[in-house]
Amino acid sequence: MFQSPFSIGIFKRAIDRKLVSVNTHNIRDYTHDRHHTVDDYAYGGGAGMILKPEPIFEAVESIKSDICSKEGAGVLPIILLTPQGRRFTQQIAQELSRYRHMILICGHYEGVDERVRQHLVTDEISIGDYVLSGGELAAMVVVDAVVRLLPGVLGSEASLLDDSHTAGLLEYPQYTRPAAYRGWSVPQVLLSGNHAQIANWRREQAIRRTLGHRPELLDKANLSLEEKQLVDRWKQS
Ligand code: SAH
């Protein structure tokens with residue numbers, strides 16, 4: 001499941017250039033019974049299987065001690081993917097991009113034994129208010145968002161600054177060639193070559209778009225007084 005996303009595009013380049021490494025571990029390898037049992041029925045009854053604590057603890061402890069023996073003990077986030085965690089945002093991606101390592105735990109079935117959450121993990125992340133069948137896609141979402149922030153991974157770091165959710169605004173509209181398509185023209189200002197005017201137009205469009213799609217984001221965006229007045233005028237019209 002993890003192979004194809006990590007074997008193409010930006011990811012593959014980042015891995016090939018040793019800017020990042022992603023290792024997947026199967027908790028079945030940390031079981032001791034013949035059937036490699038990783039799940040069991042829920043105490044108290046109810047439908048669905050629960051991931052047992054032992055293989056998860058043993059897997060994480062073994063991976064952790066590998067990392068520590070090579071690199072010494074540092075802060076190592078151990079993150080459980082769960083719909084009950086704090087909701088993943090660009091800000092959390094930025095925060096995680098500062099760690100040298102992180103361990104992500106993917107649940108499955110009905111979830112994981114509560115003792116994993118209580119005594120092993122240091123953080124719980126949800127990628128949104130919906131329920132997936134497993135934590136794998138959620139883990140890939142987190143890893144993708146974090147890896148593209150690492151120095152050298154994207155061609156141009158400058159392109160990160162304007163990304164939606166980075167400066168608290170959604171990104172301005174983007175166009176490429178042709179200048180006219182089916183009679184729909186690219187805004188004239190973008191063809192003008194006037195960089196100051198283009199920057200102004202983009203800023204204004206980013207604010208307008210944020211107001212249209214996600215007005216609640218504007219409360220936290222760093223708007224100048226004039227921009228705030230502009231927003232008030234837009235709201236009234
Ligand atoms: N019964 C659990 C949900 C289990 S879903 C509950 O109600 O909380 C199975 C697994 O998928 C979870 O253990 C978790 O690892 C993963 N998962 C599901 N939805 C997710 C979400 N929104 N974000 C992150 N992980 C999620």
Side-chain angles (χ1 to χ4, degrees), residues 4-22 86-100 102 125 127-129 137-237:
S4 78
F6 296 143
S7 61
I8 54 168
I10 286 173
F11 250 119
K12 182 175 175 347
R13 277 206 307 280
I15 291 169
D16 288 349
R17 287 160 61 209
K18 303 213 172 356
L19 298 172
V20 66
S21 72
V22 180
R86 55 182 179 140
R87 195 149 52 175
F88 192 54
T89 59
Q90 188 63 18
Q91 210 181 340
I92 298 179
Q94 270 152 2
E95 174 194 319
L96 296 178
S97 72
R98 292 192 273 273
Y99 293 106
R100 263 190 77 69
M102 60 181 177
I125 289 178
I127 62 161
D129 289 345
L137 289 171
M140 284 187 255
V141 166
V142 170
V143 171
D144 185 305
V146 169
V147 167
R148 67 190 288 286
L149 295 176
L150 301 177
V153 168
L154 289 188
S156 139
E157 248 89 87
S159 67
L160 288 173
L161 297 176
D162 285 336
D163 273 341
S164 300
H165 303 295
T166 300
L169 294 174
L170 302 182
E171 196 177 52
Y172 45 80
Q174 300 269 37
Y175 295 87
T176 184
R177 270 182 277 263
Y181 175 64
R182 296 192 176 180
W184 302 309
S185 307
V186 170
Q188 201 53 42
V189 54
L190 296 177
L191 310 175
S192 69
N194 182 328
H195 295 293
Q197 262 178 32
I198 292 173
N200 283 338
W201 181 86
R202 285 181 163 167
R203 173 88 186 162
E204 199 178 296
Q205 290 292 316
I207 298 170
R208 192 188 270 274
R209 171 133 315 178
T210 310
L211 178 65
H213 292 198
R214 298 286 305 278
E216 80 283 7
L217 295 179
L218 284 180
D219 299 339
K220 284 197 203 132
N222 234 336
L223 300 188
S224 70
L225 184 61
E226 281 153 48
E227 288 168 342
K228 281 186 187 140
Q229 289 165 345
L230 190 62
V231 169
D232 288 337
R233 279 205 300 281
W234 282 336
K235 277 186 186 159
Q236 278 152 21
S237 61

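Heavy-atom basis, side chains included; hydrogens, waters and symmetry copies ignored. Nothing fancy with the numbering, it's 1 onward along the sequence.
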Derivation and outcome, side-chain contact (heavy atoms from CB on, under 4.5 Å), residues H165 and R214: CA-CA 11 Å; H165 303 295; R214 298 286 305 278; 3.9 Å; yes

List the atom of A221, the atom of L169, and the distance in Å for their closest heavy-atom pair. CB-CD2, 3.8 Å

Do you know which two heavy atoms are closest between A179 and L191, and how far apart they sit? CB-CD1, 4.3 Å

Does E171 offer a backbone N or O that forms a donor-acceptor pair with the side chain of S164 under 3.5 Å? yes

Can you tell me how far OH of Y172 sits from CD of Q205, rounded to the nearest 0.5 angstrom? 11.5 Å

Considering all heavy atoms, the nearest V186-P178 contact: CG2-O, 3.9 Å

Side chain R203, main chain E227, donor-acceptor under 3.5 Å: no

Rounded to the nearest 0.5 Å, the CD1 atom of I198 sits from the CG atom of L190 at a distance of 6.0 Å

When rounded to the nearest 0.5 angstrom, what is the spacing between CD1 in I10 and CZ in R148? 7.0 Å

Show, in sequence, the C-alpha distance, side-chain angles and deciding distance for I125 and V142, and conclude whether the side-chain contact (heavy atoms from CB on, under 4.5 Å) test is met. CA-CA 9 Å; I125 289 178; V142 170; 4.2 Å; yes

Non-hydrogen side-chain atoms of V153 and V20 separated by less than 4.5 Å: no

Inter-residue atom distance R87.CZ - I92.CD1, 0.5 Å rounding: 10.0 Å

Neighbour count above 12 (heavy atom, 6.0 Å) for D16 CG: yes

R208 and W234 have their tightest heavy-atom pair at NH2-NE1, 3.0 Å

Side chain proximity check, Q229 to L225, heavy atoms < 4.5 angstrom: yes

Got L211 and L218 here, is their nearest side-chain heavy-atom distance under 4.5 Å? yes

If you measure from CG on L19 to CG on L154, what distance do you get to the nearest 0.5 Å? 10.5 Å

Judged by atom type as modelled, is there a donor-acceptor pair below 3.5 Å linking the side chain of T210 to the main-chain atoms of A206? yes

Check this for me: does any side-chain nitrogen of one of E95 and R86 sit under 4.0 Å from a carboxylate oxygen of the other? yes

Near E216 CD, under 6.0 Å, is it more than 12 heavy atoms from other residues, nucleotides or ligands? yes

Please find the pair of heavy atoms, one from F88 and one from I127, that lie closest to each other, and give the distance. CB-CA, 4.1 Å

Is the ring pair F11/F6 parallel, tilted or perpendicular, if the boundaries are 30 and 60 degrees? perpendicular

Is it the case that atom CD in Q174 sees more than 12 heavy atoms from other parts of the structure closer than 6.0 Å? yes

When rounded to the nearest 0.5 angstrom, what is the spacing between OG in S4 and NZ in K12? 13.5 Å

Surrounding CD of E204 (heavy atoms of other residues, nucleotides or ligands, distance under 6.0 Å), is the total greater than 12? yes

Contact check, side chains of V146 and M102, non-hydrogen atoms, under 4.5 Å: yes

If I compare all heavy atoms of G152 with all of R17, which pair ends up nearest, and what's the gap? O-NH2, 3.2 Å

